[in-house]
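Small disclaimer: the values here were computed from a predicted structure and weren't measured.
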Amino acid sequence: MSGFDVDLFVIGAGSGGVRAARIAASHGAKAMVAEEFRLGGTCVIRGCVPKKLYVYASRFADDFADAAGFGWTLPSPPVFDWSRLVAAKEKEITRLSGIYGQTLERAGVAIVRSRAEVVGPNRVRLTNDGREISAKTILVATGGAPALEPAIPGLEHAISSNEVFDLPDFPRRLLVVGGGYIAVEFASVFARLGAKVTQVMRADNVLRGFDDDMRAGVRDALAHAGVDFRFGVLPTAIEKTAGGLRVALSGGGEAVFDQVLVATGRRPHTRGLGLESAGVALDAAGAVKVDGYSRTNVPSIYAVGDVTNRINLTPVAIREGHAFADTVFGGKDIRVDHSNVPSAVFTTPELGTVGLTEAGARAKFDVVDIYSTGFRPMKATLSGSAERVAMKIVVDGQTDRVLGVHVLGHEAGEMAQLLGIAVKMGATKADFDATMAVHPTAAEELVTLRTRSARHEK
Ligand code: NDP
């Protein structure tokens, strides 16, 4: 040991921090991790995991409706109980958070239940008892926090994704502000659970940055599920009244809601962490600036995950934390490859995606071929549901390499995971064509799409 209290001090026991601490310990490092909230971070406690549980809950609404077409008769209108879902979710989250603690303890990582702040290149202070710890290396893995916009009178009455999982009462009338991942996912969930959902956003469509045809598909599917969209509209004031939250909307008009969920992005969690005093450079958005090894401008301080605002996804944070630990404590040399990261938006239907959008490919490549299809999934034939599947393969017309694949439909997230392997390996359209179909599936369309829909040449 080096004269420091610990080899590694990790601030934040979320996805990235926990992985980094555990792997560093497995390489023999004396590691300590501080967490001011619950072990597991945003993803486990109030993000991906509870969100997916609520998505499952919401989809029973479709299943019950579909069942009749397959010969089932449900005894009575199915009844949904919000408080039972919240309680079941809480039980599972508590279990998972416990597993995080056990995993760290088994790996020999010391856990400190306190906020920690950086006080120097090799020093942190625990705010609960003022104790200072010296560390050879500090890892900042504090994630992000909801950023509620715009700053309007009465914004304090709105909630963020932090609060939405544990609302004491089911919001029968819900206003969702924003059109990103979080906004569309919750609009989809609450509309299916029976809420009257209104969704407003400054843009003219949901999911900026995703493929335009898929964006249109998500919008149409949510509208079909009952979401009342207002594009180019934002709240201008929120007033608490006896009948609910009265919200004034830009362009005139007002309406009353039980809850206003603002999902207008997340901000790196760096405020008050003492990073500036240690000389750590932040960017304009407040994110920690790092190099390919997640190292800041201060050689003893590293940062991984959402706090660096690279690609704000849990698996990316985990990979960054693992690579950091292997490189700094395991004698390896690993940079995380941030290209072709597959991801999914868990609306119903889901959007699974990897690689470039059609517009993104056209901006970068001289010849872009598009193979796309839209169809009714087999299940919809008997159920009579209006569900549609959309698929698009974006191909470099000069090399035949698949640049991106986008799927809107049931289990598209699962498809994106496997498509990610093919695209990461540099598969060509010919490789897709040479792959035998699995029948009957929806995904088989991805290997049977022979007719080009469009060719774009510069
Ligand atoms: P996003 O960046 O996805 O969306 C932000 C939304 O807020 C956009 O509609 C944006 O509008 C709008 N917005 C931003 N600033 C303002 C403003 N000043 N006034 C009005 N509207 C504004 O953020 P989310 O909060 O939805 O999610 C945060 C991150 O969490 C995501 O980027 C993603 O990385 C991660 N995440 C991933 C999920 C998944 O993988 N399934 C699920 C949930 C979150 P505009 O489009 O006009 O810019």
So [Y] and [X], do their side chains get closer than 4.5 Å, heavy atoms only?
| X | Y | value |
| --- | --- | --- |
| Val177 | Pro235 | yes |
| Val124 | Val119 | no |
| His269 | Asp306 | no |
| Leu222 | Ser188 | yes |
| Leu261 | Leu174 | yes |
| Met425 | Ile421 | yes |
| Val33 | Val112 | no |
| Val307 | Thr270 | yes |

Exercise. If you measure from OG on Ser160 to CG on Leu155, what distance do you get to the nearest 0.5 Å?
Worked result: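 With rounding to 0.5 Å, OG (Ser160) is 10.0 Å from CG (Leu155).
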Crowded around [X] [atom1]? As in, over 12 foreign heavy atoms under 6.0 Å?
| X | atom1 | value |
| --- | --- | --- |
| Glu387 | CD | yes |
| Arg452 | CZ | yes |
| Lys136 | NZ | no |
| Lys52 | NZ | yes |
| Arg266 | CZ | yes |
| Lys458 | NZ | yes |

[Y]/[X] salt bridge by N-O under 4.0 Å criterion:
| X | Y | answer |
| --- | --- | --- |
| Asp337 | Lys424 | yes |
| Arg267 | Glu149 | yes |
| Asp369 | Lys429 | no |
| Arg95 | Glu92 | yes |
| Arg59 | Glu350 | yes |
| Arg215 | Asp220 | no |

For this session: Kindly indicate, with the supporting measurements, whether the criterion side chain to side chain contact (heavy atoms under 4.5 Å, CB included) is fulfilled by Asp169 and Trp82.
Result: CA-CA 7 Å; Asp169 299 306; Trp82 168 253; 5.8 Å; no
Would the distance check show the side chain of [X] and the main-chain N or O of [Y] forming a donor-acceptor pair, the cut-off being under 3.5 Å?
| X | Y | answer |
| --- | --- | --- |
| Asn297 | Gly279 | yes |
| Asn122 | Ser134 | no |
| Thr327 | Ala323 | yes |
| Thr137 | Leu8 | no |
| Ser97 | Thr94 | no |
| Thr435 | Asp431 | yes |
| Gln417 | Glu414 | no |
| Glu132 | Arg123 | no |
| Thr373 | Met391 | no |
| His27 | Arg22 | no |

Give me the atom names and distance for the closest heavy-atom approach of [X] to [Y].
| X | Y | result |
| --- | --- | --- |
| Pro50 | Ile45 | CG-O, 3.6 Å |
| Pro342 | Gly420 | CG-CA, 4.2 Å |
| Arg310 | Val304 | NH2-CA, 3.9 Å |
| Val200 | Leu234 | CG2-CA, 4.4 Å |
| Glu35 | Leu39 | CB-CD2, 3.9 Å |
| Ile238 | Ile152 | CG1-CD1, 3.8 Å |

Problem set entry | Matching residue for Leu351 among Val407, Val184, Val345, Asp211 - test: side-chain contact (heavy atoms from CB on, under 4.5 Å) |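 Among the candidates, only Val345 passes.
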Exercise. Are the aromatic ring centres of Phe231 and Phe229 under 6.0 angstrom apart?
Worked result: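 Yes.
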For this session: Output, in order, the C-alpha distance, side-chain angles, deciding distance and verdict of side chain to side chain contact (heavy atoms under 4.5 Å, CB included) for Thr198 and Val176.
Result: CA-CA 6 Å; Thr198 305; Val176 177; over 6 Å; no
Exercise. Is the NZ or CZ atom of Arg113 positioned over Phe37's six-membered ring, under 6.0 angstrom from the centre and within 45° of the axis?
Worked result: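 No, a cation-pi geometry is absent between Arg113 and Phe37.
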Quick one: do the [X] and [Y] side chains pair a donor with an acceptor below 3.5 Å?
| X | Y | value |
| --- | --- | --- |
| Ser372 | Ser453 | yes |
| Ser114 | Asn128 | yes |
| His456 | Glu358 | yes |

Problem set entry | side-chain hydrogen bond (donor to acceptor under 3.5 Å, both in side chains) involving Glu411 - partner list, sequence neighbours excluded | none
For this session: Evaluate the salt bridge (charged side-chain N to carboxylate O under 4.0 Å, His left out) criterion for residues Asp63 and Lys379: first the C-alpha distance (whole Å), next the side-chain angles of each, then the deciding distance (0.1 Å), finally the verdict.
Result: CA-CA 11 Å; Asp63 294 339; Lys379 191 176 172 195; 3.7 Å; yes
Exercise. Gln259 and His157: side-chain hydrogen bond (donor to acceptor under 3.5 Å, both in side chains), yes or no, with the steps?
Worked result: CA-CA 8 Å; Gln259 293 290 349; His157 301 306; over 6 Å; no
For this session: Given salt bridge (charged side-chain N to carboxylate O under 4.0 Å, His left out), test Arg335 with Asp291 step by step and report yes or no.
Result: CA-CA 9 Å; Arg335 284 162 170 266; Asp291 65 12; over 6 Å; no
Seminar exercise, completed: With sequence neighbours left out, the residues meeting ring-ring contact (aromatic ring centres under 6.0 Å, His included) with Phe210 are Tyr181
For this session: Begin from the C-alpha positions of Glu117 and Arg271 and carry the test salt bridge (charged side-chain N to carboxylate O under 4.0 Å, His left out) through to its verdict.
Result: CA-CA 10 Å; Glu117 293 170 3; Arg271 217 174 284 162; over 6 Å; no
Exercise. Mind checking whether Phe165 and Tyr54 have parallel, tilted or perpendicular rings, split at 30° and 60°?
Worked result: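 Ring orientation of Phe165 relative to Tyr54: perpendicular.
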Problem set entry | Geometric class of the Phe170/Phe80 ring pair [parallel <30°, tilted 30-60°, perpendicular >60°] | perpendicular
For this session: List the steps, then state whether side chain to side chain contact (heavy atoms under 4.5 Å, CB included) holds for Leu96 with Val49.
Result: CA-CA 10 Å; Leu96 290 175; Val49 173; 3.6 Å; yes
For this session: Apply side chain to side chain contact (heavy atoms under 4.5 Å, CB included) to the pair Val206 and Met201, showing each step before the final yes or no.
Result: CA-CA 8 Å; Val206 297; Met201 68 202 72; 3.7 Å; yes
